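Accompanying notes for the structure given below.
Within every chain, numbering begins at 1; the chains are lettered A, B, ... in the order of the sequence lines, protein sequences first and strands thereafter. Heavy atoms only: backbone and side chains are in, while hydrogens, waters and symmetry mates are out. Note that the structure is predicted; figures quoted are calculated from it, not measured.
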Amino acid sequence: MEREVRVRFAPSPTGPLHIGGVRTALYNFLLARKLGGKMLLRIEDTDQNRFVPGAEQYIMDALRWCGIVIDEGIEEGGPHAPYRQSERKPMYRQYAQQLIESGHAYYAFDTPEELDAMRARLTAAKVPNPQYNSITRTQMRNSLTLPEDEVKQLLDNEAPYVIRLKVPRKEEIRFNDLIRGWVVVHSSAVDDKVLMKSDGMPTYHLANIVDDHLMEITHVIRGEEWLPSAPLHVLLYRYLGWEATMPQFAHLPLLLKPDGTGKLSKRDGDKLGFPVFPLEWHGTDAESGQPTVSSGYRESGYLPEAFINFLAFLGWNPGTQQELFTMDELIENFSIERVSKSPARFDQNKVRWYNEQYLRAKPDTELAGYLLESLQAQGISCPTDKAEQIAALVKERATFPADLAREAQLFFHRPTSYDEQVISKKWNAQVAGALAAYAQELPSAADTSPEGLKALLTQVVESQGMKIGQVLQVLRVAVTGITAGPDLMAVMSILGAQETAERIEAAVSQLVAS
RNA sequence: GGUCCGUUCGUCUAGGGGUUAGGACUGCAGAUUUUCAUUCUGCCAACAGGGGUUCGAUUCCCCUACGGACUACCA
């Protein structure tokens with residue numbers, strides 16, 4: 001008796017998916033997995049004017065990168081194929097027809113100019129909600145006002161027309177939103193929405209309801225921007241005779257721009273100072289036609305696990321103090337009831353923090369892989385075991401995989417200059433002597449572990465009547481050129497005694513000369 | 001303008017008729033590291049306002065304010 005849970009993510013391919021869309025897809029996926037159901041991807045491309053090449057592929061690539069797995073879709077296939085609405089075009093007509101026959105829809109022949117004129121007239125008359133509705137339709141050219149034979153003639157002559165839903169004049173429409181509870185809207189606030197466009201394509205509203213029904217969708221989880229049209233959808237289910245299997249609705253709070261002024265949109269691109277898209281997007285500027293590039297989380301060095309963990313927490317939380325969740329843990333703990341009602345803003349600091357957590361948790365072998373990759377791009381070769389040592393040492397200093405290579409530079413390039421502040425303050429003949437002595441001992445050192453190197457340094461320095469603190473800072477500058485960096489003894493150990501000695505000698509001779 | 005949705009630290013949030021209103025991020029301070037970072041400890045910081053209901057309201061109700069979405073032959 002219990003129906004299998006089936007959810008869908010239904011974007012329109014008008015551009016790349018932004019992070020709000022990814023979160024919607026994620027919540028759908030989490031619910032499906034949690035309840036042992038199926039996740040479908042349906043492409044809503046009923047607006048032929050807004051089709052953007054590559055967007056569809058982008059959506060699928062982005063979801064895949066995020067680890068959101070689609071069970072049925074245009075690539076995966078499935079029992080309800082096709083999953084692209086443009087390919088389902090012939091299926092919608094009969095439902096619009098059915099609505100006309102049952103008296104719940106009608107033909108409208110108004111031209112765009114007539115519609116504009118109507119709205120202008122209403123606005124001028126200060127009508128609170130100027131729209132095509134139960135009142136204004138009586139003054140328009142449609143199959144409700146025109147004589148039957150004229151309608152027939154118009155249809156026979158293939159005059160352009162749309163099919164509109166006949167929304168009742170006075171009726172309370174209510175539905176139970178999983179996140180918001182009961183939502184009640186009066187039918188007078190709903191307009192006679194176009195169901196079928198003059199090009200023969202259904203609008204979102206019709207196609208969406210028909211497909212959700214045919215595809216046996218049980219839960220519609222979508223953005224809050226759809227809340228105002230949900231009553232219309234409820235009406236559609238009712239008039240089509242599908243109310244008994246109407247899916248449950250859950251309208252997600254929106255993701256706001258960081259300053260809280262308005263919802264995040266695709267057009268925000270890189271304006272906000274952080275990526276809005278999961279993957280880099282190559283588009284064209286609407287006005288100039290010039291190619292544009294918008295940065296993506298993937299290309300910026302974010303790990304998909306971190307990105308997803310962060311996104312999951314933007315509007316949902318498990319009610320515990322745990323912050324780090326794998327996808328499996330998210331699935332295990334997810335529940336739609338715990339999704340918050342209020343919109344959330346994006347916090348760059350927190351995504352970065354998540355990325356650091358996930359990066360450091362990676363095994364050193366994997367980190368070494370990132371490091372080797374970057375190094376190779378720079379034409380630097382490095383043995384795997386050394387890369388692992390370096391990665392383990394510098395990972396605490398990295399937010400992104402690319403930071404590993406940045407931090408590793410000192411292992412592959414001898415310093416070309418030395419920090420002047422430290423030199424002017426701490427460099428003197430005595431220190432130089434101690435360093436030279438250390439460099440001399442180094443090549444024959446028995447123990448080249450960090451501890452061994454430190455013991456040797458202590459021994460040399462103290463034999464010169466100094467304390468290690470007097471030379472350490474200078475030693476660092478001599479070996480690396482700069483004052484900041486990972487543990488010096490560990491650095492020298494990885495560098496090797498010979499290389500370290502040579503670097504010290506080079507520093508001593510250059511600094512004495514100057 | 002109209003309809004609908006929302007409002008707890010700067011941000012993400014927990015909580016719920018009686019709590020020192022909890023956590024995380026950020027910020028600040030201290031400790032460790034004779035460096036930076038990490039790590040650890042601590043600190044700063046919130047119930048939008050006004051009316052009810054109640055012994056008691058941040059929590060329930062109403063109003064106001066503010067924010068947002070929608071208001072297309074776009075989704």
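- Straight-line distance from the OH atom of A:Tyr107 to the P atom of B:C73: 19 Å, rounded to whole Å.
- When rounded to the nearest whole Å, the span between CG of A:Leu410 and C1' of B:U35 equals 13 Å.
- If you measure from atom CG of A:Leu359 to atom C1' of B:U38, you get 13 Å, rounded to the nearest angstrom.
- Checked against B:U35, B:A75, B:U11, the side chain of A:Lys197 finds its nearest nucleotide in B:A75.
- Side chain to side chain, A:Ser229 and A:Lys193 fail the donor-acceptor criterion of an N or O pair below 3.5 Å.
- When Watson-Crick and G-U wobble pairs are counted only if both distances are under 3.5 Å, B:U3 pairs with B:A69.
- At a threshold of 4.0 angstrom between heavy atoms, the contacts of A:Ser342 are confined to the sugar-phosphate backbone, with no base atom among them.
- Not a single donor-acceptor pair, N or O on each side, falls under 3.5 Å between the base of B:C5 and the side chain of A:Arg180.
- Among the nucleotides B:U3, B:U13, B:G15, the one closest to the side chain of A:Asn317 is B:U13.
- Neither OP1 nor OP2 of B:C25 sits under 4.0 Å from any side-chain N or O of A:Arg352.
- One finds no side-chain N or O of A:Ser12 lying less than 4.0 angstrom from the OP1 or OP2 phosphate oxygen of B:C74.
- Considering only side-chain atoms of A:Val162, the nucleotide from B:C73, B:G68, B:A24 that sits closest is B:C73.
- In this structure, A:Leu227 atom CG and B:G68 atom P are separated by 17 Å, rounded to whole Å.
- Comparing the same atom, C1', in B:C62 and in B:U54 gives a spacing of 16 Å after rounding to whole Å.
- Note on A:Lys126: nothing from the nucleic acid sits closer than 4.0 angstrom, heavy atoms only.
- If you check every strand for non-hydrogen atoms under 4.0 Å, A:Ile482 touches nothing.
- Nucleotides B:G1 and B:U8 are separated by 32 Å at their C1' atoms, to the nearest Å.
- Residue A:Val194 is classed as a sugar-phosphate contact, given heavy-atom separations below 4.0 Å to backbone atoms only.
- Of all nucleotides listed (B:A14, B:G2, B:C74), B:C74 comes nearest to the side chain of A:Arg50.
- A centroid separation of 6.0 Å or more is found between the aromatic rings of A:Tyr370 and A:Phe400.
- Comparing the P positions of B:U59 and B:U19 gives an interatomic distance of 14 Å, to the nearest angstrom.
- If A:Pro486 and A:Lys341 are placed on RNA chain B by their nearest nucleotide, the residue sitting closer to the 5' end is A:Lys341.
- Judged by atom type and distance alone, A:Arg397 does not reach the base of B:U38 through any side-chain donor-acceptor pair under 3.5 Å.
- Taking atom C1' on both B:A46 and B:G22, the two are 12 Å apart, rounded to the nearest angstrom.
- Looking at the side chain of A:Asn129, the nearest of the listed nucleotides B:C74, B:U35, B:G1 is B:G1.
- With both ends at atom P, the span from B:C12 to B:G68 equals 14 Å, rounded to whole Å.
- Closest contact between the side chain of A:Val183 and the listed nucleotides B:G23, B:C5, B:C70 involves B:C5.
- Of the candidates B:C25, B:A75, B:U35, B:A75 carries the atom nearest the A:Tyr204 side chain, counting heavy atoms from C-beta on.
- Nucleotide B:U33 holds its P atom 12 Å from the CG atom of A:Asp487, rounded to whole Å.
- A distance-only check finds no donor-acceptor pair linking the side chain of A:Asn355 to the backbone of A:Phe307 [under 3.5 Å].
- Look at CG on A:Leu235: it is 16 Å from P on B:C4, rounded to the nearest Å.
- When the side-chain nitrogen and oxygen atoms of A:Lys395 are compared with OP1 and OP2 of B:A37, none of them lie within a distance under 4.0 Å.
- At the heavy-atom level, A:Ser188 lies nowhere under 4.0 Å from the strands shown.
- Atom CG in A:Leu475 sits roughly 18 Å away from atom P in B:U33 (whole-Å rounding).
- For the P atoms, the distance linking B:U64 with B:A45 amounts to 34 Å, nearest Å.
- Checked against B:G6, B:G68, B:A14, the side chain of A:Arg338 finds its nearest nucleotide in B:A14.
- Among the protein residues, A:Lys454 comes within range of the sugar-phosphate backbone only, with heavy atoms under 4.0 Å from sugar or phosphate atoms but none that close to a base.
- Residues A:Tyr92 and A:Asp211 bring a donor and an acceptor atom of their side chains to less than 3.5 Å of each other.
- Using a 4.0 Å heavy-atom distance criterion, A:Val184 is classed as a sugar-phosphate-only contact.
- Residue A:Thr123 is out of contact with every strand shown, counting any heavy-atom pair closer than 4.0 Å.
- Looking at A:Asp192, its side chain never comes within 3.5 Å of a backbone N or O of A:Lys166 through a donor-acceptor pair.
- Pair assignment for B:C9: none, as no Watson-Crick or G-U wobble contacts are both less than 3.5 Å.
- The interatomic distance linking A:Asn133 (CG) with B:A72 (P) rounds to 12 Å, in whole Å.
- Nucleic acid contact class of A:Thr261 (heavy atoms, under 4.0 Å, all strands): sugar-phosphate only.
- Nucleic acid contact class of A:Gly315 (heavy atoms, under 4.0 Å, all strands): sugar-phosphate only.
- In this structure, of B:U71, B:C25, B:G6, it is B:C25 that holds the atom nearest to the side chain of A:Asn349.
- Using a 4.0 Å heavy-atom criterion, one finds that A:Arg119 contacts the sugar-phosphate atoms exclusively.
- If A:Leu472 and A:Glu356 are placed on RNA chain B by their nearest nucleotide, the residue sitting closer to the 5' end is A:Glu356.
- A donor-acceptor contact under 3.5 Å is not formed by the side chain of A:Lys193 with the base of B:A72.
- In this structure, the nucleotide among B:C74, B:C73, B:C12 sitting nearest to the side chain of A:Leu115 is B:C73.
- Taking the six-membered ring for Trp and the full ring otherwise, the centers of A:Trp281 and A:Tyr58 sit less than 6.0 Å from each other.
- Note on A:Arg360: only backbone sugar-phosphate atoms sit closer than 4.0 angstrom, heavy atoms only; bases stay farther off.
- A gap of 8 Å separates the C1' atoms of B:A21 and B:U58, to the nearest Å.
- Although no hydrogens or angles enter the test, the distance criterion places a donor-acceptor pair under 3.5 Å between the side chain of A:Gln470 and the main chain of A:Lys467.
- With ring centers used as reference points, A:Tyr302 lies 6.0 Å or more from A:Tyr354.
- Across all strands shown, A:Pro258 has no heavy atoms under 4.0 Å from either base or sugar-phosphate atoms.
- The gap from the C1' atom of B:C60 to that of B:G18 amounts to 15 Å, rounded to the nearest Å.
- Judged by distance alone, the side chains of A:Asn28 and A:Arg8 never bring a donor and an acceptor atom under 3.5 Å apart.
- Between A:Asp191 and A:Val167, every side-chain heavy-atom pair lies at or beyond the 4.5 Å cut-off.
- Across all strands, A:Arg345 comes closer than 4.0 Å only to sugar-phosphate atoms, never to a base (heavy-atom distances).
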